[in-house]
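See below for the structure under consideration.
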Amino acid sequence: MRKIKLSVPSLTEARNRRKEETLKVFYSLKDEYKGIGNGKTYSVLTYGCQGNEADSEVMTGILEELGYTQSDDEYNADVVLLNTCAIRQNAENRVWGVLGRLKGMKKTNPDMIIGISGCMPQEPEATQKIMESYPHIDLIFGTHNIGNLPKLLYEAYMSKSKVIEVLSTQGNILEGAPVKRALKHKAWVNIMFGCDEFCTYCIVPYTRGKERSRDKEDIIKEVMELKEEGYKEITLLGQNVNAYGKDKYDDYSFGDLLMDLDKIGIDRIKYTTSHPRDFDEKTINAMATCKHVIPWLHLPVQSGDDDILKSMNRKYNMERYHYIIDELKRRVPGIAITTDIIVGFPNETEEQFEHTLDLVRYCEYDGAYTFVYSPREGTPAAKMPDNISAEEKDQRLYRLNDLINEYALKGNERFIGEVVEVLVDGDSKNGEDMMCGYTRHNKLCHFKADNKDIVGQEVKVKVTEAKTWFIVGELYNE
Ligand code: SAH
Ligand code: SF4
Ligand code: F3S
């Protein structure tokens, strides 16, 4: 009989929001764990949002500190960690598929340790299923346990049992953990963790704990260090960055943070994700005045219908959303705006869906992530009738995407003939002599380059062509 440590997580516990102060925890590595990865390899696979990617960079940092080196084969290593996402059923299905594939790998490499982390283990059903049906998984840990990775790995080596550590707590703030950043010119910077919005369809407040902000001094210090190290761009991360500071300061909010970070002088500052409810005048002002904050905003709307928004618990209406968009377009001329939209939410009528189409026409989005509603066990919406047929949901998604694409193309065409600044990421998939990167409006740009020594630099490109998903241009020399 396998020994199972600790019980499965609890969504009821995870829903609690108590008044306790958030603990700031400093990472430190105990001597007994040092070198446990010497001579061994690792692979970290990431399935979630940018916050999940940032977590993977911390896990990678810890693994390298322990002595592990990155494996050439992402599915075969001495330690394979799957950092998972629970936002929609199809995100989970991908992970179940990979778990099946890893089973075969483990047969040829029985000493391999397979771990699963991130948002899926925070769900009781998922953890239960892994415990019962996936005996080849050695390690299960949640979003609140990343700093414990050395101990968990050590236990996985020492014991013959599955090691499970998933806390359904409100969460603390981990500072000082090693980070292995994937790129040398662009960096994620967490400014806050968790979410207190409780949109009725969403699992994140349960998997990530309460909304908690990092100390502004810690964020400012991290960005100063990134600038010193030569980073050109930072993306500030949080599920609802506009609520930054609310749990901590009386008179310091997201707009103030943008102003302070702007002074550091790092080339590009962007942020995700914004919530219209907390998007305030200070932030609009910072967008309009900060030189380094790029003219791009991702402002998820989810629906263009007031009743659906209410049923989603989004706490704003179309009037307020229109106001924010109008103000931003007025104060930040040419700003690129993108969004997230869900179709087929419980009880969404054809007319309500058409309100979403009207909103897209009004905002003329530069792009959008569009999703079919996916019920998440334990959320309030999961108790509502999932009463839009699969065909109808697909139809709505199709019609919505058609309209979104029309405006995305228009949003790209406006740059034809202009010279834009592109921060170069690397080789483009569009041809051997091509490279790609992003403009200050966050537009993906492909361009021809003979000298490929420009990764991480900002170059000038004259735009010659616009497609739905990207623009094309030529290097421009004044
Ligand atoms: N905190 C961010 C993003 C969270 S997840 C925000 O509030 O915008 C990213 C997107 O996934 C959401 O904006 C939403 O459009 C979508 N999403 C979340 N839960 C979903 C669900 N149950 N079904 C379908 N889409 C969902
Ligand atoms: Fe989910 Fe809403 Fe929080 Fe975004 S703001 S993470 S959609 S609950
Ligand atoms: Fe997915 Fe968790 Fe992010 S559910 S979207 S990885 S917060």
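Both counts, for ligands and for their atoms, begin at 1 and track the order of listing.
With respect to D366, the salt bridge (Lys or Arg N to Asp or Glu O under 4.0 Å) criterion is satisfied by exactly one of K410, K329, R414: R414.
Protein heavy atom in closest approach to atom 15 (O) of ligand 1: Q302 OE1, 2.7 Å. With hydrogens left out, the protein atom closest to atom 3 (Fe) of ligand 2 is C195 SG, 2.3 Å, a heavy atom. For atom 23 (N) of ligand 1, the closest non-hydrogen atom on the protein side is S374 N, 3.0 Å. Protein heavy atom closest to atom 5 (S) of ligand 1, with residue, atom name and distance, is I87 CD1, 3.5 Å. The closest protein non-hydrogen atom to atom 8 (S) of ligand 2 is C199 N, 3.4 Å. Protein heavy atom in closest approach to atom 1 (Fe) of ligand 2: C202 SG, 2.3 Å. When hydrogens are left out, the protein atom nearest atom 19 (N) of ligand 1 is Y201 CD1, 3.3 Å; that is the closest non-hydrogen contact. Nearest protein heavy-atom neighbour of atom 4 (Fe) of ligand 2: Q239 O, 4.2 Å. When only non-hydrogen protein atoms are considered, atom 10 (C) of ligand 1 lies nearest to D340 OD2, 3.4 Å. Nearest protein neighbour of atom 7 (O) of ligand 1, counting heavy atoms only, is R314 NH1, 3.6 Å. Counting only heavy atoms of the protein, atom 8 (O) of ligand 1 lies nearest to P300 CG, 3.0 Å.
Under 4.0 angstrom from ligand 1, the non-hydrogen atoms of F371 all belong to its side chain. Neither the backbone nor the side chain of R208 has any atom closer than 4.0 Å to an atom of ligand 1 (non-hydrogen atoms only). Neither the backbone nor the side chain of E197 comes within contact range of ligand 1; no heavy atom lies under 4.0 Å. Residue contacts with ligand 2, taken as heavy atom pairs separated by less than 4.0 Å, do not involve P300 at all. The parts of Q239 lying near ligand 1 are both backbone and side chain, judged by heavy-atom distances below 4.0 Å. Only side-chain heavy atoms of Y201 come within less than 4.0 Å of ligand 2; its backbone N, CA, C and O stay farther off. At a heavy-atom distance under 4.0 Å, no atom of N240 approaches ligand 2. Only the side chain of T273 comes within 4.0 Å of ligand 1, judged by heavy-atom distances.
Under 3.5 Å, the side chains of N285 and E281 contain no donor-acceptor pair of N or O atoms. Checking K270 against N442 by side-chain atom types alone, a donor-acceptor pair falls below 3.5 Å. With 3.5 Å as the limit, one finds a donor-acceptor pair spanning the side chains of D305 and H355.
Heavy atoms of V372 approach ligand 1 to within less than 4.0 angstrom. Distances from ligand 2 to the non-hydrogen atoms of R208 include no value under 4.0 Å. Note on ligand 1: R277 sits outside its first shell, no heavy atom being nearer than 4.0 Å. At a 4.0 Å cut-off, not a single heavy atom of H275 sits close enough to ligand 1 to count as contact. Residue contact annotation: V204 has no non-hydrogen atom under 4.0 Å from ligand 1. Ligand 1 has no atom lying under 4.0 Å from any heavy atom of N240.
A perpendicular orientation is assigned to the rings of Y252 and Y249, their planes being inclined by more than 60° (bins at 30° and 60°). In this pair, H322 and Y362 present their aromatic rings parallel. The plane angle is below 30°, not in the 30 to 60° band.
Summarising the geometry, atom CG belonging to N172 is positioned 8.0 Å from atom NE2 belonging to H144; distances are rounded to the nearest 0.5 Å.
Surrounding OH of Y398 are at most 12 heavy atoms belonging to other residues, nucleotides or ligands under 6.0 Å away. Around the OH atom of Y438, the shell of radius 6.0 Å holds no more than 12 heavy atoms that belong to other residues, nucleotides or ligands. Counting heavy atoms of neighbouring residues, nucleotides and ligands inside a 6.0 Å radius, atom CD of E21 does not exceed 12 of them.
Near Q239, meaning under 4.0 Å from one of its heavy atoms, ligand 3 places the atoms 7 (S). Counting the atoms of ligand 1 from 1 in the order shown, those under 4.0 Å from a heavy atom of R88 are 11 (O), 16 (C), 17 (N), 23 (N), 24 (C), 25 (N), 26 (C).
A centroid separation of 6.0 Å or more is found between the aromatic rings of Y271 and H298.
Annotation: protein N, O or S atoms under 2.8 Å of atom 2 (Fe) of ligand 3 (waters excluded) comprise C119 SG.
A cation-pi arrangement is found for R101 relative to Y75, the charged atom lying closer than 6.0 Å to the ring centre and inside a 45° cone about the ring normal.
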